[in-house]
Structure formats: structure tokens, C-alpha cells
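In what follows, a single structure is set out as C-alpha cells and then discussed.
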Amino acid sequence: MNILMWFVRLNLRLISAGCLSLICFCSASAQPSPAQSVPQPTAQTPSVARPVGTIKSISGNTITLTTDAGSDVTVQVQETTKLVRIAPGQKDLKDATPIPLADVQPGDRVLVRGKLAEDGKSVLALSVIAMKKADIAEKQSREREEWQKHGFGGLVNSVDAAGNTISVALPSAGEKKSVTVHLSKDTILRRYALDSVKSDDAKPAPLEQIKPGDQLRARGSRTADGAEFTADEIVSGTFRNIAGTISALDASAGTITIQDLVSKKPITVRITVESQVRKLPAPMAQRIAARLKGTSADSPSSAPAPGGAGHVSNTEQTTKPGAAPQGRSGAGGSGGMGQAGDGSADLQQIISRIPAATLGDLQKGDAVMLVATEGGLNGFSTVITLLAGVDPILEASPKSSPSTILSPWSLSSGGGGEAATP
């Protein structure tokens, strides 16, 4: 039972294209696999090992396993080794299916229980619990769909730890609205690491770590009026929202320096292979700007308010990506909380369909908006999402923070790749 609970608490996490999930391995007996001829462990190797990770390669009855800690372990499958297959999310072995070693392939997730060999570098397996790569991908796809249908995001207004509620501001282009998120003892709470751009780097964290101004995305069910939301899962983090113009680029270091519109100071950020970079075509930027101003995209552009984009405030409420003008909010729309009330596509989805750009596509003087991690290597924040070609958008949003138009940000970048919600 102690072994079982250890694996349940391990909560192996696999998230892809934006999706959060718990993968739990549990240890128990199962029927033996077909015989595999390897030497038996000796009485001089009593140390018990429990490596968990992804299969890197298989040769004969030897598995090379890349553990979740990042190291490689050699696993020797013995004649008496028990091999079983479980489904992602399965919490015990009552429905486990015995499989032969031939059915285990690179890319599969496995939990090995065995004895450390005399060389201290390999494990003589007593049991191998496998989770197939294809099964994991299918589960992640279902979870992404679940987040898209039953998820919403915004900025945290306040947290009531005693009442187990969080007030979240909905990004909307008209009347400011908020949602009260209710937590239960079963609500999954996770939080991004300081320099994470990947959803699977989020770690379990208590409610007390969520604070006003944090970006938050929740999955669960809502009331008919959209004012109350019961959360099954929440992921949150403190991220930087930056808007300004590029003053310098360093392709060799993978960095850009932005003259921030708010602080009037230069900010250097890193762009990595995990970062989502898009460059808006001019006509699309004009249409988004018109939507933010609550006017038709075909109507003459009005002059920016006094002070223009220079009056951007990172502390103000966000503008709803793709929201309907004149105060209509996605909270009550038929499209759900992730879409505008008029059924228009969410800006995140529009952005994701734009061909990806690279650091080489950016130029000095480009206007950009981005969401970045709070900290990172050499003090540089890492870009999660960057949108270039946004001059009209910055001019159109003097009363709200254009830098947060990308919020709630795509929770899965790099690992998710296509800016899907978790």
C-alpha cells in the first residue's frame, strides 16, 4: 500500500498543445509476460529502484529509459519480469492488461520496479507498467477539447482563502465584468515555474500562492449567467505583459530589447524555440484595432486619444481578445466564456492561424506586444507569446492595457506548439 500511495502522489504530468492532465502510475501484481532470457538478480543487489520516464530505445530485452529527472537508465527485462499496460489516468491496476515486451515501444511512458544491479548503473526489472504513447496523445487531445469547451481565463482581482473563492476579471471590450470562481477540496491547483513557457512545468501549489494581477485559467462548469464558476482545475502564474517598440536585436543570443511604453525603459527578453511569435498583416491589425475601438473595421479610423499608446497601464483591466463591442461580454454568450458573445472567433485562435515568425522576421522599430515569464536566465524574461505589427492596436487602446490583449495567454507554448488552451 505504501508503494501504491507513493505512485499516486507522484502525479506524473503530461500536457500537450495547451492541456493539463494527471497521469498516475500504481504498483501491483499482474500476470507475467512471455519469457525473456536474462540473468537473474543476485542476493547481493537488494537496493530497490523505481525509475519513471519515457523509453528512449529498446534492444533485445534491454530498455534505455530517460527518466523524468533527465538521466538515462538501463533496464534489463528478466524472464520473470511482469509487464502490464494501463490507460492514461488509470489509478490502479485492476484493469491492467499483460503485454509482451514486443509491444513496448520508444516513446511509451513506463514505471519500472526492480533491483539495482551490481554495477549501480542498470536496473533488473521485477515489473514494468507501461502507458502507450498513442493512448497518451489521445487523452491529451480530449483534454484540450475539454479546456476549450469548459475553460475560461482572465486576471485575478482578489482571492478569498477563507471562502475558497477567486474573483477573476473577464477581458472584455465594454463593461468590465468578473467571475467568482469556487474551489473545492478536489480542485486541482497548479502554478507555473519562474521561467516556464511549458504547461507541463506547472507544479502543484496552494491557493495562497495566487495573488491579484496573476493570470489564471480555470476549467469546470459555470452558471447560466456566467457570474459563478465551479473549478475542477486551475492553472495560474505571474507573467509580464509588455508593449513597446524594438530598439535592438541580437540573433546570436536570441534576445530583443524593447523600449517599454509604460516604464519608458529598455527591457531585454529571450526568444526560444518554445516561444510563439506571430507578425500581424497590416489589414488584420487594422480590423483588430477597429474592434477594440468598438467601430466597424470599414469605418474611418478615429484619432488616438491624447497621449496615445503612451498612456498604457499594465495594471488596468484587459481587453477581451475578439470580444464584441458595446459591452457585450463572452460570459453570457452562446459561444461560452472563451468566445465573444456575438460568436466571433477568439483572437487567440486567429493568431494561431497566422504563420509562425522567427527572430529573423523582426526588425528594429517594430511595435510589439508580448507575454513573458517573470524571470529567467541572466535576468532575462522568456517570451511566451509575441505579436508584432501591432501599431494600430496600440493606438486603439489608450484606455486599457494593449499589452494584455494576449491575456489570458496560451497556456501551452512550445510543448503545445499551436497556442491551444491547456
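Predicted model, so just to flag it, every value in this text is computed and none were measured. Along the sequence shown, the residues carry numbers beginning at 1.
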Are [X] and [Y] side-chain neighbours, meaning at least one heavy-atom pair lies under 4.5 Å?
{"X": "Gln215", "Y": "Leu155", "result": "yes"}
{"X": "Ile58", "Y": "Thr64", "result": "no"}
{"X": "Val371", "Y": "Arg240", "result": "no"}
{"X": "Lys364", "Y": "Leu249", "result": "yes"}
{"X": "Tyr192", "Y": "Glu374", "result": "no"}
{"X": "Val77", "Y": "Ile63", "result": "yes"}
{"X": "Gln209", "Y": "Leu189", "result": "no"}
{"X": "Asn61", "Y": "Gln76", "result": "yes"}

Taking every non-hydrogen atom, the tightest pair across [X] and [Y]:
{"X": "Lys279", "Y": "Ala357", "answer": "N-CB, 4.3 Å"}
{"X": "Leu394", "Y": "Ala243", "answer": "CD2-CB, 4.1 Å"}
{"X": "Leu65", "Y": "Gly53", "answer": "CD1-C, 3.5 Å"}
{"X": "Arg109", "Y": "Val52", "answer": "NH2-CG1, 4.2 Å"}
{"X": "Gly153", "Y": "Arg217", "answer": "N-NH1, 3.6 Å"}
{"X": "Ile234", "Y": "Ala218", "answer": "CG1-CB, 4.0 Å"}

Any ion pair linking Asp108 and Lys132 (charged N to carboxylate O, less than 4.0 Å)? yes

Would you mind checking if Glu145 and Lys149 are paired as a salt bridge, meaning a charged N to carboxylate O distance below 4.0 Å? yes

Please assess Glu138 against Arg142 for the test salt bridge (charged side-chain N to carboxylate O under 4.0 Å, His left out), listing each intermediate value before the final yes or no. CA-CA 6 Å; Glu138 182 181 355; Arg142 292 195 304 268; 3.4 Å; yes

Run Ile354 and Met284 through side chain to side chain contact (heavy atoms under 4.5 Å, CB included) and show every step you take. CA-CA 10 Å; Ile354 301 173; Met284 181 178 293; 3.6 Å; yes

Mind listing the side-chain donor-acceptor pairs of residues 251-259 below 3.5 Å, one per line with the distance, residues two or more places apart or on another chain?
| unit_1 | atom_1 | unit_2 | atom_2 | d |
| --- | --- | --- | --- | --- |
| Ser252 | OG | Asp250 | OD1 | 2.6 |
| Thr257 | OG1 | Thr268 | OG1 | 3.0 |
| Gln259 | NE2 | Lys264 | O | 2.7 |

Could you walk me through whether Leu386 and Leu362 pass the side chain to side chain contact (heavy atoms under 4.5 Å, CB included) check? CA-CA 11 Å; Leu386 182 147; Leu362 304 178; 4.2 Å; yes

Is it true that Arg85 and Thr97 share a donor-acceptor pair across their side chains at a distance under 3.5 Å?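 The criterion, which ignores hydrogens and geometry beyond distance, is not satisfied for Arg85 and Thr97.
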
Lys121 side chain to Thr74 side chain, donor-acceptor N/O pair below 3.5 angstrom: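 No pair is found: no donor N or O on one side chain lies under 3.5 Å from an acceptor on the other.
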
Kindly compute the distance separating [atom1] ([X]) from [atom2] ([Y]), expressed to the nearest 0.5 Å.
{"X": "Arg219", "Y": "Thr187", "atom1": "CZ", "atom2": "OG1", "answer": "9.5 Å"}
{"X": "Leu216", "Y": "Ser236", "atom1": "CG", "atom2": "OG", "answer": "5.5 Å"}
{"X": "Gln276", "Y": "Ile271", "atom1": "CD", "atom2": "CD1", "answer": "12.0 Å"}
{"X": "Arg222", "Y": "Thr180", "atom1": "CZ", "atom2": "OG1", "answer": "14.0 Å"}
{"X": "Phe239", "Y": "Ile242", "atom1": "CZ", "atom2": "CD1", "answer": "12.5 Å"}
{"X": "Arg191", "Y": "Leu207", "atom1": "CZ", "atom2": "CG", "answer": "10.5 Å"}

Using side chain to side chain donor-acceptor pair (under 3.5 Å), reason through Asp186 and Ser184 one step at a time and then give a plain yes or no. CA-CA 5 Å; Asp186 296 322; Ser184 71; 4.7 Å; no

Quick check against the 3.5 Å criterion: does [X] have a side-chain atom that pairs as donor or acceptor with the backbone of [Y]?
{"X": "Thr373", "Y": "Thr382", "answer": "yes"}
{"X": "Ser275", "Y": "Val277", "answer": "no"}
{"X": "Gln90", "Y": "Asp92", "answer": "yes"}

Could you check Val390 against Leu280 for side chain to side chain contact (heavy atoms under 4.5 Å, CB included), going step by step and ending with a plain yes or no? CA-CA 7 Å; Val390 297; Leu280 282 178; 4.1 Å; yes

Apply side chain to side chain contact (heavy atoms under 4.5 Å, CB included) to Asp72 and Thr67, showing your working. CA-CA 6 Å; Asp72 284 354; Thr67 69; over 6 Å; no

